[in-house]
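All residue numbers refer to positions in the sequence shown, counting from 1.
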Amino acid sequence: MALFQNSVLNKYLKGIDQKAVDNAFEVFTSHFHNPAIQENIRASKEEQYQGEFLIDLFVKVFGYVKNPNPEFNLTTELKNIRGAKKTDGAILLDGNALAVIELKGTNTNDLGKVEGQAFGYKANQTGCVYVITSNFEKLRFYIDNAVAFEEFNLFTITKERFEILWLCCAASNLLKNLPKQIKDESLSQEEVITKKLYKDYSAFRNAIFDNIQ
């Protein structure tokens with residue numbers, strides 16, 4: 001199920017900082033579209049690359065500041081508020097987890113299998129809105145729940161799809177809760193469309209009934 005309504009998404013895509021996206025895409029493709037690097041990532045175990053993955057994507061491309069740098073908004077191994085379990089990464093806002101990040105190796109082909117674990121971490125972080133899962137090759141982005149998501153193939157992503165990924169995950173957008181705003185507007189737009197369709201259907205049904213009479 002799509003995360004956003006197309007007309008709403010396109011409205012926000014028109015407003016993105018194109019120069020910032022172009023620069024980010026250049027940095028992104030120089031790493032994630034490099035065949036030799038892709039081969040090495042596929043050969044790496046989860047623990048071998050997860051820290052560097054956060055730097056390569058979330059720091060260098062999306063613009064986060066990783067712990068232990070001053071005023072960091074990205075951290076690793078964030079412990080649940082209840083229990084001893086830890087999520088692989090988290091994006092922080094005012095010291096609290098706004099998004100949890102759960103990482104697996106590329107041998108985890110279906111990211112759907114990671115949903116339960118990732119949302120378990122979300123449920124144990126007060127005020128957490130977003131869930132991000134990745135096997136270093138693919139990335140899924142969720143808002144609030146697992147009903148809908150956006151999935152991106154980092155190794156083959158086009159510029160057009162990267163713009164959506166940027167809209168979802170860049171620090172300049174996510175820390176302002178922009179993805180949540182787009183989703184909320186999408187739901188409102190879908191409700192308007194549904195009501196219009198029902199109104200048109202009711203009118204059509206009544207017209208047929210009148211003709212039969």
From Asp56 atom CG to Phe28 atom CZ, the distance as rounded to the nearest 0.5 Å: 10.5 Å

Non-neighbouring partners of Phe152 that pass ring pair (Phe, Tyr, Trp, His ring centres under 6.0 Å), sequence neighbours left out: none

Polar contact flag, side-chain donor to acceptor under 3.5 angstrom, Tyr64-Asn69: no

Asn124 (side chain) donor-acceptor with Ile81 (main chain) under 3.5 angstrom: no

Salt bridge flag under 4.0 Å for residues Asp22 and Lys159: yes

Distance-minimising heavy-atom pair for Gly105 and Phe136: CA-CE1, 4.0 Å

Side chain to side chain contact (heavy atoms under 4.5 Å, CB included) partner of Phe62, the single match among Val27, Leu54, Leu165: Leu165

CG/Asp110: more than 12 non-hydrogen atoms of other groups inside 6.0 Å: yes

Heavy-atom side-chain proximity of Ile41 to Glu137 below 4.5 angstrom: no

Value rounded to 0.5 Å, distance of CD in Glu102 from CD in Gln50: 8.0 Å

Gln5 side chain to Glu185 side chain, donor-acceptor N/O pair below 3.5 angstrom: no

Ring centers of Phe4, Tyr12 separated by less than 6.0 Å: no

Asp88/Glu46 under side-chain contact (heavy atoms from CB on, under 4.5 Å): CA gap, chis, key distance, verdict: CA-CA 10 Å; Asp88 293 324; Glu46 175 187 335; 3.9 Å; yes

Distance in Å, Ile132 CD1 paired with Leu111 CG, rounded so as to fall on 0.5 Å steps: 12.0 Å

Path from Leu167 to Ile143 over hydrophobic side-chain contacts below 4.5 Å: yes

Atom of Ile157, atom of His33 and distance for their closest heavy-atom approach: O-CE1, 3.2 Å

Parallel, tilted or perpendicular: rings of Phe53 and Phe32 (30°, 60°): perpendicular

Single-linkage hydrophobic cluster, 4.5 Å side-chain cutoff, Val114 and Phe149 together: no

Which atom of Ser134 lies closest to which atom of Leu154, heavy atoms considered: OG-CD1, 4.4 Å

Between OG1 on residue Thr76 and NZ on residue Lys86, distance to nearest 0.5 Å: 9.0 Å

For Leu78 against Ala97, the heavy-atom pair lying closest together: CD2-CB, 3.7 Å

Asn67 side chain vs Phe72 backbone, donor-acceptor pair below 3.5 Å: no

Worked verdict on Tyr142 versus Thr133 for side-chain contact (heavy atoms from CB on, under 4.5 Å): CA-CA 9 Å; Tyr142 304 82; Thr133 62; 4.0 Å; yes

Criterion salt bridge (Lys or Arg N to Asp or Glu O under 4.0 Å) against Glu150, the qualifying member of Arg140, Lys183, Arg161: Arg161

For Ile37 against Ser30, the heavy-atom pair lying closest together: CD1-O, 4.3 Å

Leu93 reachable from Phe58 in the ILVMFWY side-chain graph, under 4.5 Å edges: yes

Separation of Lys104 NZ from Asn109 CG (nearest 0.5 Å): 13.5 Å

Salt bridge flag under 4.0 Å for residues Lys180 and Asp144: yes

Joint cluster assignment, Leu92 & Ile101, ILVMFWY side-chain distance < 4.5 Å: no

Gap between atom CG of Asn96 and atom CD1 of Ile91 - 0.5 Å precision: 14.0 Å

Shared hydrophobic cluster for Val65 and Trp166 (ILVMFWY, side-chain gaps under 4.5 Å): no

side-chain contact (heavy atoms from CB on, under 4.5 Å) between Gln125 and Asn80, worked out: CA-CA 6 Å; Gln125 297 294 337; Asn80 284 349; 4.0 Å; yes

Closest heavy-atom pair and its distance - Pro179, Cys168: CG-O, 3.3 Å

Parallel, tilted or perpendicular, as decided by the 30° and 60° cut-offs, for the rings of Phe25 and Phe162: tilted

